[in-house]
Amino acid sequence: MRRRRATSSAGGGGFSGGGGSNMLRFYTDEAPGLRLSPTMVLVMSLCFIGFVTALHIFGKLYRSRTAAASA
């Protein structure tokens, strides 16, 4: 697969990263770091949202029980 060369123009609003560090590098095999599929990222983010929601619910229950016990 061929890539187009990024050309920089004086009035253009396009992004041209120097040294080959552009957005396409995140999706190639030479990108460093973990390789996660978009589905895995979605599942992990939904689990994080659920965990934070559960913490909020448990915090409200704990606060209501301690308020009822002290009154």
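Position 1 is the first residue of the sequence; numbering continues from there.
With values rounded to the nearest 0.5 angstrom, R63 atom CZ is found 15.5 Å from F58 atom CZ. Once rounded to the nearest 0.5 Å, the distance linking CE of M40 with CG of L34 reads 10.5 Å. Rounding to the nearest 0.5 Å places CG of L46 at 4.5 Å from CG of L42. The OG1 atom of T66 sits 6.0 Å away from atom OH of Y62, with the distance rounded to the nearest 0.5 Å.
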